[in-house]
Amino acid sequence: MKYRQRMASIGAGLAFGVTAALVSAPALAAGLIEEITIVGTQRVEPETVKTYLTFQEGDTFNSRQLNRSLKKLFNTGLFADVTFKREGGNLVINLIENPVINRIAFEGNRKIKNDTLETEVTLRPRIVYTRTRVQQDVERILTLYRRSGRFAATVEPKVIQLDQNRVDLVFEIKEGLPTGIEKIRFVGNHEYSDGKLGEVVRTKETRWYNFLTADDNYDPDRLNYDKELLRRFYLARGFADFKVTSAVAELSPSREEFFITYTIDEGIRYEIDQVNINNSLEGFDEKTVADIPTLENGDWYNADEVDSSIEDLIDSIGFQGFPFVRVTPSIDKDVENRKINLTFNIEEGPRIFVERIDIKGNFRTLDEVIRREFQLVEGDALNTAKLKRSEKRINDLNFFEKVEVSRSPGSAPDQTVIDVTVAEKSTGSLSIGAGYSSSDGPLADFGISEGNLLGKGQRLSFSASVAAEKTRFNIGFTEPYFLDREVAAGFDLYKVTEERQDESSYDSSSVGFALRAGYPIGEYLTQSWSYGLDQTTVENVPTSASRLIKSQEGDEITSSISHALTYDVRDSKILPTEGYKISLSNKVAGLGGTTYYLRNQMNGAYYYPIGDQWVVSSKATLAHILGLGDDVNMQDRFFLGGQNLRGFEDNGVGPRDSVSTDSLGGEYMFNGTTEMRFPLGLPSEYQIAGTLFSDYGILTELTPKDANTIDKNALRASVGVGISWVSPMGPIGLDWAFPVLKEDHDKTESFRFSFGTRF
């Protein structure tokens, strides 16, 4: 709503200016005050006014007391003007009350919503209007805009006079453009160029291609964060004396851009001379942890490795039955020879217990969702190893952009408060996938899910895959703590319709459901069970199809139970860079139904960092299916190609009919991937990375066979390159793969594309 009628600037408000002066001595000199008359009050009772006076009827006229009373009345904030007038023995006090605010409005604000501004200002409807409080609220609004990087913003308060001494207060806001960063300079750097240090700091120079990020807008908090990033960067590369002497941001006269200058002192680079462990913990043998520090003689000093070694030492010592332990590093510098002697001092730490756990920032996620990931509860002895693992478990929920776990003093010296600060992120996702093969043509996938339903940590998902030859619908729900126990229980409902005429000369449809539950049986080991029931129909088999496929035509009902064990020691379930994961699964079909088999599968993945943002990973799958009394149906066999063997079409590898060229699937499968993920030299905030990969696999064994069956127990392999981009719309991936080991009857494909978005 636009407020224009009868609008006046505060500076021009006739009724709201302070015009009274202090009472002069000659004006009110001597004599007794016979009567006090209050004039002009509307909302304030006259008796209330008299309570602020330092005199009363019967007192002598006294200039000092009159002036004190005048000040007290002004200081109440209730009055815009106060004057004292003597009429014989009568003292007349004329008052003009400050108006009451009827409504507060904001105009011109687009980047910051009304709700945010309303919580920032202190004035409210039905509160007395004062110029001082208005100016204070103006400063609050401007501070809010400056925090968001808009230093050119202006705020002009205006009032609309209403009847009954009321006003509407309007804050007219001109937000202006974001105040960008024109130039970032580094002074004192010799070992690393400005360009390299520019990649280290979060703040970026304003350029046209930075439209997807706000890091090129000035933020004083981010400037302090940049100083810490620079410090970590240098300390991790041997510069133990590094410091940032100043970080100055200069605003241009036009208030449209900043010039930022970091002045640093690199110091000298130190090399590790000796690494020692000094133990003063009674009953503990330091030899059990002698190999934990990762720094060795001849390495460059690395503060990150020192911190990591301290955490690993505390973890290991804690597991050996010493919960109260402290590990502190001692650094002895030899400046002349540029050497450092590093000693890890192990000693008994203070006996500290957890008084309480405070959680902040979870506006949507319930407290209990976070608390149940903690391996500590109130009253437990503080164990830093468990605290560290608790932080990792909260991160692995994938509900938060940031998770910070810190400690603060409790109510007693032996008590501590664990502070958990989280920043929530979108947990709903909308994904779209696309690909192309020479036989299938274009295909598309659609999925929508919510990973933190109603803030309870529940997951609800719906996915659909639609193509000219395949359609799949799936609805799934997971309760991560079923019956308040650490049991993840859920169900899936699905329907799949597939036209596989080009691949295997038949169409199929399946409809079914699955019930599942999983739970931990150790720190890193989990176990899961599931029951599934589905009906599969094979139809539209032409006369030219393979005899083995013709025999599969009709309906089959599968009733199965599955079991899996998973051992996971990766550093992150979301984007792992280090560690490994191994899983073993078994599936038995035949608990009713018409299908009988035993299916075993083992999966493994290993991640190893080789540099900053450089990660090598290796994944492998080994699987076998065995018919129990009957031959294995084609729908239950393994197929290879496409996503699990790039460079080949979906189901493009394995046993095949030589006449119809139908893919028949296999009962034994091995496939793996070795991949290296690396940065492309672009700014890290773009989250664009490259990949080099090699996929390989074997698919073989078929029972029964006939004279037309081609089943070569031969290794297939491909090499390729890819690009992945975590865009604001979601992950986008491009892969180009080229077969280097293949058979003549295999079907190949060189390009795959995937796309997703989040909401």
**Study point:** Salt bridge flag under 4.0 Å for residues R364 and E450
**Key:** yes
Point to revise | Candidate pair K386 and D380, rule side chain to side chain contact (heavy atoms under 4.5 Å, CB included), full reasoning | key: CA-CA 11 Å; K386 289 185 177 180; D380 282 356; 5.8 Å; no
Review point. Do T674 and K619 come within less than 4.5 Å of each other through their side chains, counting heavy atoms only?
Key: no
Review point. Do S585 and N600 come close enough that some side-chain heavy atom pair is under 4.5 Å?
Key: no
Check your understanding: Do S408 and D419 have side-chain N/O donor and acceptor atoms under 3.5 Å apart?
Key -> yes
Review point. Without hydrogens or angle criteria, can the side chains of D555 and T537 be said to hold a donor-acceptor pair below 3.5 Å?
Key: yes
**Study point:** Contact check, side chains of E355 and S411, non-hydrogen atoms, under 4.5 Å
**Key:** yes
Check your understanding: How many angstroms lie between atom OG1 of T566 and atom CD1 of I582, to the nearest 0.5 angstrom?
Key -> 10.0 Å
Check your understanding: Within a strict 4.5 Å, meaning less than it, do heavy atoms of the Q375 and R393 side chains meet?
Key -> yes
Check your understanding: Looking at F639, is R500 sitting on its ring face, NZ or CZ under 6.0 Å from the six-membered ring centre and within 45 degrees of the normal?
Key -> yes
Review point. Just checking, any donor-acceptor pair under 3.5 angstrom between side chains of D367 and N362?
Key: yes
Check your understanding: Salt bridge between D492 and R516, side-chain N to carboxylate O under 4.0 Å?
Key -> yes
Check your understanding: Would you say the side-chain atoms of Y519 and W529 include a donor-acceptor pair closer than 3.5 Å?
Key -> yes
Check your understanding: Judged by modelled atom types alone, do Y506 and Q635 share a side-chain donor-acceptor pair under 3.5 Å?
Key -> yes
Check your understanding: Is the cationic atom of R716 (NZ for Lys, CZ for Arg) positioned less than 6.0 Å from the six-membered ring centroid of F648 and within 45 degrees of its normal?
Key -> no
Check your understanding: Is there a donor-acceptor pair under 3.5 Å between the side chain of Q458 and the backbone N or O of P480?
Key -> no
Review point. Within a strict 4.5 Å, meaning less than it, do heavy atoms of the S316 and I292 side chains meet?
Key: yes
Point to revise | L453/F477 under side chain to side chain contact (heavy atoms under 4.5 Å, CB included): CA gap, chis, key distance, verdict | key: CA-CA 10 Å; L453 187 65; F477 175 79; 4.2 Å; yes
Review point. Are any non-hydrogen side-chain atoms of K587 and I561 less than 4.5 angstrom apart?
Key: no
Review point. Between E378 and I357, is any pair of side-chain heavy atoms under 4.5 Å apart?
Key: yes
Check your understanding: Does one side chain, of Q601 or H624, offer a donor that lies under 3.5 Å from an acceptor on the other?
Key -> no
Point to revise | Pairs involving residues 630-642, ordered by first then second residue, that meet salt bridge (Lys or Arg N to Asp or Glu O under 4.0 Å) (sequence neighbours left out) | key: none
Check your understanding: Any side-chain heavy-atom pair from S572 and T577 closer than 4.5 angstrom?
Key -> no
